[in-house]
Amino acid sequence: MTVGTSSAPGARGVPRPSAARHDDLTGLGIDPDELADGLVVADEHGQVICFNAAAERITAVRAADALGQRLEKALPLEDLEGRRWWQLTDPYGGLVIRVRQPERNLLLPGGHEVLVTARYVRSEPLGPVRRVVVSLRDTEARRRTERSHAELIATVAHELRSPLTSVKGFTATLLAKWERFTDDQKRLMLETVDADANRVTRLIAELLDISRIDSGRLELRRQPVDIGAAVGRHIQAYVAAGQLADRFMLRVEQPLPDLWADPDKVDQVLSNLLENAVRHGEGTVTIDVTASASPREGEETGTSVTVSDEGPGIPEESMNRVFTRFWRGSKRGGTGLGLYIVKGIVEAHGGTITVGRAPGGGAEFRFMLPVGTPAYLQ
């Protein structure tokens, strides 16, 4: 395999300059242009002999212009204090015990920030540098992650401050002035403390779920699930809490395929979708449970659950943000994490979830789960 033989932009199929010098770079059979990260390689004389497509994209420098140039000219990096990086590190004339440069944030001309890692390849320990291999990575994805983490911390701090202030205030008041309050006043304060403690507990549970979803460690304990009965239990809980029974319409198509899923996680999905419909929607909340095509390849049947209301619905421009962190459909409270968690749970089951406009004009959430039948029952 010849490394770096793919063409420059606009000239696919035409060998790059100095392509014949690339044959000894790798025997892995991988074209450098197939790499996701930028790859720049300089030879023992400091001349660039490989400049892949990702490096072109990140640096906005054409490979045809970089190949054959001195490394410091083809890749004029500076540190965050404005010092020229290659003069500072001196890869060819520096300490002979060095084999690498750890990842650093460096600047390209124009102030574009990139993550750079370098490897010094020597023919023998303490020998001269034969190759300098530089890996480039754009910082935008990392910045998005960092912004997301910062937003999460800020949201959590904000959401915790209110209930904890309330808990602290009421408990301090009761401890200091217990005899001055009537039993009814004490009960009211303790009920408020209890409700705020529950709010903190829910937030911590959401954070743990997000951590497990983001790290791919969300565990599922699959069991047979009667999803129609599960929806019925949630409706009964709302009616017992004061909602009118005729606000809910449950339609279950029979027969349904046997569904194997984590019952607690399915309850969490149903609870969140129904709470959104009750809190943010209007009119009748309709829940349809039907058999459907399985969202997972290799299975024929699955189970579909649709929750819709007759409220104002979700604006068209917000549809693509509904399942992102911190999205709130209204100003009626909530952390904005629930639907993000719902999507993570559904996808962990191998399912899909979508949002749209209901026939009555409100919001319509539909999730589909594969039947998930264990292999020993198939």
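Numbers here simply count residues along the sequence, with the first being 1. Computed from a predicted structure; not experimentally measured.
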Cationic N near anionic O, under 4.0 Å, [X] to [Y]:
| X | Y | result |
| --- | --- | --- |
| Arg221 | Asp262 | no |
| Glu78 | Arg83 | no |
| Arg62 | Asp65 | yes |
| Arg202 | Glu206 | no |

(request) For residues Leu39 and Val133, determine if any side-chain heavy atom of one lies less than 4.5 Å from a side-chain heavy atom of the other. (result)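 With C-beta onward as the side chain, the pair touches.
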(message) I'd like to check Leu270 versus Leu273 (side-chain heavy atoms, cut-off strictly below 4.5 Å). Are they in contact?
(response)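 Sidechains of Leu273 and Leu270: no contact.
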(request) Compute whether any side-chain donor of one residue and acceptor of the other, for His234 and Asp267, lie under 3.5 angstrom apart. (result)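 Present: a donor and an acceptor within the cut-off.
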Show me, pair by pair, the donor-acceptor contacts under 3.5 angstrom made by side chains of residues 169-177, not counting sequence neighbours?
unit_1 : atom_1 : unit_2 : atom_2 : d
Thr171 : OG1    : Val167 : O      : 2.7
Thr171 : OG1    : Lys168 : O      : 3.1
Thr173 : OG1    : Gly169 : O      : 2.7

(request) Report the C-alpha separation of Tyr340 and Asp214 in whole Å, then their side-chain angles, then the decisive distance to 0.1 Å, and conclude whether the side-chain hydrogen bond (donor to acceptor under 3.5 Å, both in side chains) test is met. (result) CA-CA 11 Å; Tyr340 178 83; Asp214 288 349; 2.5 Å; yes
Between atom [atom1] of [X] and atom [atom2] of [Y], what is the distance when rounded to the nearest 0.5 Å?
| X | Y | atom1 | atom2 | answer |
| --- | --- | --- | --- | --- |
| Thr354 | Arg366 | OG1 | CZ | 6.5 Å |
| Leu207 | Leu337 | CG | CG | 6.5 Å |
| Asp79 | Thr89 | CG | OG1 | 10.0 Å |
| Arg357 | Ser308 | CZ | OG | 12.5 Å |

(request) Might you point out which heavy atoms bring Ser166 and Asp196 nearest each other, and give the distance in Å? (result)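 Heavy atoms of Ser166 and Asp196 come nearest at OG-OD2, 2.6 Å.
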